[in-house]
Asks: 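Structure provided below as structure tokens; questions to follow.
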Amino acid sequence: MPEAQAGSCRHERGHITDSRFYGNRYATPASRRIFCDTCRHQRWLDIEAALALAEAEVDLIPRRVADQIATSAALSNIDLDEVQAQIESSGHSLVGLLRVFETACGPEAGQFIHYGATTQDIQDTGQTLEMRDVLDEVEPALDRLLTLLAALCERHAGTVALGRTHAQPALPMGFGLKLSSWLDELLRHRERLDQMRERILVVQLFGGSGTMAAFGDRGPQLLERVAARLGLRVPAVGWHVARDRVVEFVTGLAMLTGTLGRIADEVRTLSRPEFNEVREAWRHGKVGSSTMPHKRNPERCEQAVVMARLAAAQSGLALAAMIGDHERDSRSLRLEWACVPDVSHYCLAALAMVLESVEGLTINTDRLERNVVAVADQVMSERLMLVLGRQFGKQHAHELVYQITQEAFQQGRRVRDLLAERPDLISAMAPTTIEEVFDPGTYLGASAELTMRTVDEARKRLDPQRTGSSA
């Protein structure tokens, strides 16, 4: 790097989510807003203001100083450079802000800030508000994805497609059934998010070792007042070292992102030219390769898989944070400061990518059917076995069909042609014809019914009034 350029660089953007050039592939504007470093300090000030006002309500501090604290709790009144300097000199994560905030409040009110609280009370409550903001972003995006998938499932409930297991042809299926597997899994995540809110969105305000002693006999009442002001729930006891709530958030988002990765990876795989069953949206000007101009890479889907893998990695950090000493232990909190923002960035980024992919998804129904027909000899073996099983029994029929299908594979011939050379088997099939046995379009089982059952569940979830109207 030329010296002039090196000297002008402030080295402020180190994390990939904040990268000027690549950050939008790892985060979203919403996730960066929620976890903005400066915004976090404003959130802490908001909590300090809520604490002071609630303390005035229960006569712990004078009303006039509480009002002054609330009025002063704005970053416009705070010298952030001085906050940073105080953090560096004190080695403490909150004292720097408190010292500068004390000055901003004035000599009288400044003596009553942070009254009876401990640092982790403020920071845990702030993190809870961040998690709430993340859920507020995730849920409508997920609902949009559920809506899109439900429509696709219904449209393709009876579309003939090839089911694959272990990367090999298995049985024909309705393409909607494949999509409904995605929809069903996402519905469970949506339910988990609702349940998660009930458990994790709670205030923290229990003092140095969880006794609330500094608040005298007004601790429980104060807790309820602060929680109400912040729109949070009231826990039974303090959770300075009980980190299961945060772990539930991190692992819940990691699981959701994992499902998004599964969807994206399936789209990526089925877009291979040898399959050519689906394609994600493409626009002119998008470049797949610096050396191969023809490339149309499934970039969104690939990146969504990256997000799923990165999100999964955050679960281990969150679980490690569950082990803390005694009544408080910063080793847990500091791990969460890394994994809570990161899993949120990755989840929201994956949601945006998969939404865009599904919105612009092209489903090649002709190719879906051709791919089934091309391997009909193989994938209709189950049906042939069951037809013959009426005469020979299922197990014996399995052996017969096994011999025929493996012989056909070795000789490069069609199963139906070898079958036609076996009068003993043909006579046992009556009145079923060979053409009927090897018609994949008539062997989709309950694909359409199962698909629509999932679609109905999704629409009940997205429109609760449907439940009442159908009762």
Side-chain angles (χ1 to χ4, degrees), residues 28 30-31 33-35 39-40 43-44 46-47 50 54 120-147 183-206 223-240 242-260 311 314-315 317-319 321-322 332-333 336-337 339-352 355 457-465 467:
T28 66
S31 69
R33 170 181 52 78
I34 293 169
F35 295 101
C39 297
R40 171 173 285 177
R43 189 173 286 111
W44 290 347
D46 293 340
I47 297 166
Q120 198 173 338
D121 287 337
I122 306 303
Q123 294 176 342
D124 275 350
T125 301
Q127 183 169 262
T128 298
L129 294 174
E130 290 169 348
M131 293 191 296
R132 184 178 67 185
D133 288 351
V134 171
L135 294 178
D136 287 346
E137 293 291 335
V138 168
E139 288 174 352
L142 181 53
D143 286 348
R144 172 63 179 155
L145 181 56
L146 291 169
T147 301
L183 180 62
D184 187 48
E185 191 170 337
L186 289 172
L187 281 170
R188 289 192 293 279
H189 290 309
R190 187 65 179 84
E191 183 178 4
R192 290 184 186 105
L193 294 180
D194 278 347
Q195 295 170 347
M196 184 190 301
R197 281 182 176 270
E198 297 294 322
R199 286 188 289 269
I200 72 172
L201 299 183
V202 298
V203 72
Q204 179 86 282
L205 186 63
F206 293 89
L223 186 69
E224 292 182 0
R225 296 292 183 96
V226 173
R229 283 185 171 275
L230 297 174
L232 298 175
R233 292 176 175 81
V234 178
V237 295
W239 47 281
H240 291 127
R243 311 310 293 180
D244 60 290
R245 291 182 175 92
V246 183
V247 174
E248 182 174 4
F249 174 83
V250 174
T251 55
L253 263 59
M255 287 173 63
L256 169 57
T257 314
T259 300
L260 296 170
Q314 308 312 306
S315 296
L317 294 176
L319 288 165
M322 293 188 75
S332 296
L333 186 64
E336 293 169 1
W337 280 19
C339 66
V340 168
D342 281 357
V343 77
S344 302
H345 289 309
Y346 304 145
C347 182
L348 283 168
L351 256 176
L355 258 173
E457 285 301 313
R459 289 181 173 155
K460 288 176 185 176
R461 166 76 217 191
L462 295 166
D463 183 7
Q465 292 183 349
T467 306

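Positions are given from 1 along the sequence.
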Asks: Shortest non-hydrogen contact from Leu223 to Pro235?
Replies: CD2-O, 4.0 Å

Asks: Do Asp121 and His240 have side chains that get closer than 4.5 Å, going by heavy atoms?
Replies: yes

Asks: Can you measure from CG (Leu193) to CZ (Arg188) and round to the nearest 0.5 angstrom?
Replies: 13.5 Å

Asks: Is there a side-chain contact between Asp124 and Arg243, using heavy atoms and a 4.5 Å cut-off?
Replies: yes

Asks: Apply side-chain contact (heavy atoms from CB on, under 4.5 Å) to Met255 and Arg192, showing your working.
Replies: CA-CA 10 Å; Met255 287 173 63; Arg192 290 184 186 105; 3.7 Å; yes

Asks: Is any side-chain heavy atom of Phe249 closer than 4.5 Å to one of Gln127?
Replies: no

Asks: State whether the side chain of Gln204 and the backbone N or O of Trp239 hold a donor-acceptor pair below 3.5 Å, judged by distance alone.
Replies: yes

Asks: Assess whether side-chain contact (heavy atoms from CB on, under 4.5 Å) is satisfied between Leu232 and Arg132, documenting all intermediate values.
Replies: CA-CA 9 Å; Leu232 298 175; Arg132 184 178 67 185; 4.0 Å; yes

Asks: Using side-chain contact (heavy atoms from CB on, under 4.5 Å), reason through Leu230 and Asp46 one step at a time and then give a plain yes or no.
Replies: CA-CA 9 Å; Leu230 297 174; Asp46 293 340; 5.6 Å; no

Asks: Can you name the closest pair of heavy atoms from Ala50 and Arg229 and give their distance?
Replies: O-CD, 3.6 Å

Asks: Does the side chain of Leu129 come within less than 4.5 Å of Ile47's, by heavy atoms?
Replies: yes

Asks: Might you point out which heavy atoms bring Val138 and Cys347 nearest each other, and give the distance in Å?
Replies: CG2-SG, 4.4 Å

Asks: To check you understand the geometry: which heavy-atom pair defines the closest contact between Ile200 and Arg245, and what is its length?
Replies: CG2-O, 3.3 Å

Asks: For a quick test of reading the model, state the closest non-hydrogen atom pair linking Val343 to Val250 and the distance between them.
Replies: CG2-O, 3.7 Å

Asks: Once rounded to the nearest 0.5 Å, what's the spacing between atom CD of Gln314 and atom OG1 of Thr251?
Replies: 12.0 Å

Asks: Go through the steps for Met196 and Leu201 under the test side-chain contact (heavy atoms from CB on, under 4.5 Å), then give the verdict.
Replies: CA-CA 8 Å; Met196 184 190 301; Leu201 299 183; over 6 Å; no

Asks: Which residues pass the salt bridge (charged side-chain N to carboxylate O under 4.0 Å, His left out) test with Asp133, not counting sequence neighbours?
Replies: Arg43

Asks: Answer yes or no: is there a donor N or O on one side and an acceptor on the other, between the side chain of Arg233 and the main chain of Arg197, under 3.5 Å?
Replies: yes

Asks: Does any part of the side chain of Thr128, heavy atoms only, come nearer than 4.5 Å to the side chain of Val202, both counted from C-beta?
Replies: no

Asks: How close do Val237 and Phe206 get, heavy atom to heavy atom, and via which atoms?
Replies: C-CZ, 3.5 Å

Asks: Between Glu191 and Arg461, is there a salt bridge with N-O shorter than 4.0 Å?
Replies: no

